[in-house]
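Below, chains carry the letters A, B, ... as their sequence lines are ordered, and counting in each starts from 1.
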Number of protein chains: 2
Amino acid sequence: MPHDVSPRDERAAVDLSVPDEVACALCACGGIEGLTAQIPTDEDLERLSAEHRACADTCRLKILSLLRDQPLCVCVIKYVLGIPDSKLSYHLSVLKKAGMITGEQLGNWIIYSITETGIRYLEG
Amino acid sequence: MPHDVSPRDERAAVDLSVPDEVACALCACGGIEGLTAQIPTDEDLERLSAEHRACADTCRLKILSLLRDQPLCVCVIKYVLGIPDSKLSYHLSVLKKAGMITGEQLGNWIIYSITETGIRYLEG
DNA sequence: TAGCTATTTCAATACAATTTGAAATACCAT
DNA sequence: ATGGTATTTCAAATTGTATTGAAATAGCTA
């Protein structure tokens, strides 16, 4: 019993043989062109992927979870996580570049706060 | 004019000197122990970071955006993205392992669909 | 069975992110 | 100025991820 297939016909307007299910869906969404139009702009793709990449690390997620309820200075975060300064500083810079946190200098200290974006991404 | 500081007192129950702002916030959230309790479990951190990592790539975000409105077979995705089979297969496997998509065999084809998780993460 | 198509796997290479400790910067207090 | 503390920067070593093309698998049709 052969599967229904739409081979190289007008429906898909493209030289592809695909299962009927898929050919149907393709038609309904405007064919290959309609599909292509669903892809976000390069700019949006870059921003989105950079944001996800910033959250793609357990150490950075820990930092975000610590900042969720209140701003903290670097030394407290360091104390809680028990990691070297330079490592913490690196991860803070990644989070900051991606817009997940902001830092404000207060005398000798830098107080980091989570952003709306950071909260949103922390939820998962 | 010196900044107010809480050096090594009982408030933080820990040998850290921090700005008053931070000492206050620390107190309100149960000190270092309260803070520590805010950190998700290792299991949750692993899952969250793996999910974000899966979305930390523009090629994979393109795939998710194509699947957002309908399931598609590999060959259509390949046609739209214009990338080699093996590359596409690699990215599909990353998305699948992270629970962003599922694949169902239909005869010779494999039809991939986006999951609820995938939709949620695609939104950003 | 044999031949065809769709998709995945593999191993090698190329590329990117992370970790480390040491040195640098910046700010405050004396 | 000097000394001390908090934080960042740097370059080297390590680790992890992405890309490639060739070969393998799996299912269909004849």
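The interatomic distance linking A:Trp109 (CH2) with D:dT5 (P) rounds to 11 Å, in whole Å. To the nearest angstrom, C1' of D:dA11 lies 18 Å from NZ of A:Lys87. For A:Asn108 and C:dC27, the CG to C1' distance is 5 Å, given to the nearest whole Å. For the pair B:Lys78 NZ and D:dT20 C1', the interatomic distance rounds to 13 Å; values are reported in whole Å. Atom CZ in B:Arg53 sits about 13 Å away from atom P in C:dA17, given to the nearest Å. Distance A:Asp57 CG to C:dA17 P: 12 Å, rounded to the nearest Å. Spacing between atom OH of B:Tyr90 and atom P of C:dC15 amounts to 16 Å, rounded to whole angstrom units. At whole-Å resolution of the value, CG in A:Leu61 and P in C:dT18 are 12 Å apart.
Comparing D:dT8, C:dT8, C:dT20 against the side chain of A:Val74 picks out D:dT8 as the nearest. Side-chain proximity of A:Ser86 to D:dA22, D:dA18, C:dT20: nearest is C:dT20. Comparing C:dT8, C:dT19, C:dA17 by their closest approach to the side chain of A:His91 singles out C:dT19.
Using a 4.0 Å cut-off between charged nitrogen and carboxylate oxygen, A:Arg47 and A:Glu43 do not count as a salt-bridge pair.
For B:Tyr112, a side-chain nitrogen or oxygen approaches OP1 or OP2 of C:dT8 to under 4.0 Å.
If you check every strand for non-hydrogen atoms under 4.0 Å, A:Cys59 touches nothing.
With hydrogens and angles ignored, the 3.5 Å screen pairs no side-chain donor or acceptor of A:Ser89 with any backbone N or O of A:Asp85. Between the side chain of B:Arg60 and the backbone N or O of B:Ala54, at least one donor-acceptor pair lies under 3.5 Å.
Both B:Trp109 and A:Val22 sit in one connected hydrophobic cluster of ILVMFWY residues. Membership requires side-chain heavy atoms under 4.5 Å apart, directly or through other members.
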